[in-house]
Peer 1: 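This structure is in structure tokens; I'll ask about it shortly.
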Amino acid sequence: MMLSKQILGAATALAGVLAGGVGHAQATLRPDQVAFRALYKELVETDTSITTGSCTLLADKVEKHLRAAGYTDADITRFAVPEFPREGGLVVVLPGTSKVLKPILLLGHLDVVVARREDWSRDPYTLIEEGGYFYGRGASDMKAMDAIWIDLMSRLKTDGTKLKRTLKLALTCGEETSTAFNGAKWLSQNRRDLINAEFALNEGGGGRTDGKGKLVTESLHVGEKTPVNFRIEATNPGGHSSIPIRDNAIYELADALIKVRALEFPLQLNDTTRVYFAKVGAARGDDLGKAMITLTTAQPGSAEFTAAEALVNTDRSYHSLLRTTCVATLLDGGHANNALPQRAGANINCRIFPGVPAEQVRLALLAAIADPRMTVKRTDERGPDAKAPPLDAKITGPAEKMVVKYYPGVPLVPGMSTGATDGVFLEAVGIPSYGPPGLYGDPDGNGAHGLNERAIVKAVYTGRDFLDELVMDYASH
Ligand SMILES: [Zn+2]
């Protein structure tokens, strides 16, 4: 996924406020970093796009690494379904010593968004290090984190390190393509036992630079909105356009769309967004920042609160973080120039606030349209309704500690995503999912999903040390 808008917002807000002192030339690599770099290179150089690639092939390669590190059949589970032979994945388990503490699940998607050689400046499936960046499809989304997870699991096994908690790693396919076989969804629904964990660590968190190499904020990703599509449609017997009547499917749809445009869902805050608005508001220090804080302190419904909400709503990212949103994204209607339309419809793309059932949003659309001739139907079932995981001190405490150690002076902000990750499938089966801080990128999103995707070399190495230590900390109590 692309890192969420509000995290970019935080980066902008905090730019220049605090110095991270990172992003300079890479020193000589340690032996463990040389091995890690080779693994990362192998991951990026194995095409896992839906069109020309294979997650199964990459899972084969990862399995070889894990076996070389000492894992056996008892620890490794491969999974795939016959209809999607190239979209398989892998789960590996490193048993812990504690009989009472529950496991931790590390999650990573192996697949990448399609990249065409002719569009890129360099070969997308060759890892190229240049000017302080690693270039290649998946370099940032999300093969750096995949490599960190695989490398950590391998070293812990080779070194014989005993952790209290069991560590599990699930590498899946299908995150980037809604029509693909989604491994995280499949595991949640079919192998809940295998991935059972107290919580999961996934993509979605991480830091942002000021665009000139200086890290300005780190984010812990906690929860996300649910994307749901609805089709609103008007139907009509139609007829010859030379004898029109006012009852017309296109006009009905147009009237309905005007009502959808006016529909504003009520403001909502949860633990994560409350802390987010307070922290980012304080860092901004401007009128908008003050209004953000007011949303976390004033009585909802008071004049002060309402005025603050109006100001905060002027920022489209903040506006979206505060509520469910629905917007028209596709339109169709009619069948001939000289015929009255028999059908007119639109796709309404909603981003639903965690905890709000999709059916409630459908009913809100129906009520807003208030026209019995119009239907509102949900058209996709990407996954379950998102639930917000708790902003738990057990998760935030060690994350705060690592940020102080690795990135002194850089604030850690919890962030709810307006976009979507595979974490939603885990949350649906009772495994809270978090995107840890540690890695970081540039405010433009580092070309993830786009052209010339890249990762900051120093961010990958420092982020690896950060995440290794963070996971070991979580696994030790
Ligand atoms: Zn991703």
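Computed from a predicted structure; not experimentally measured. All heavy atoms count here, side chains included; hydrogens, waters and symmetry mates do not. Both counts, for ligands and for their atoms, begin at 1 and track the order of listing.
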Peer 1: Residues two or more places apart in sequence or in another chain: which of them pass side chain to side chain contact (heavy atoms under 4.5 Å, CB included) with Q360?
Peer 2: V356, P357
Peer 1: Once rounded to the nearest 0.5 Å, what's the spacing between atom OH of Y40 and atom CD of E45?
Peer 2: 11.0 Å
Peer 1: Counting backbone and side chain alike, does E203 bring an N/O/S atom below 2.8 Å of the Zn ion (ligand 1)?
Peer 2: yes
Peer 1: Relative to the Zn ion (ligand 1), which of the N, O or S atoms in D141 is the closest?
Peer 2: OD1
Peer 1: Only counting residues at least two apart or in another chain, list the ones meeting side chain to side chain contact (heavy atoms under 4.5 Å, CB included) with A388.
Peer 2: N270, P354
Peer 1: Would you call the rings of F466 and Y407 parallel, tilted or perpendicular, where under 30° means parallel and over 60° means perpendicular?
Peer 2: parallel
Peer 1: Examine all N, O or S atoms of E175, backbone included, and report whether one is under 2.8 Å from the Zn ion (ligand 1).
Peer 2: no
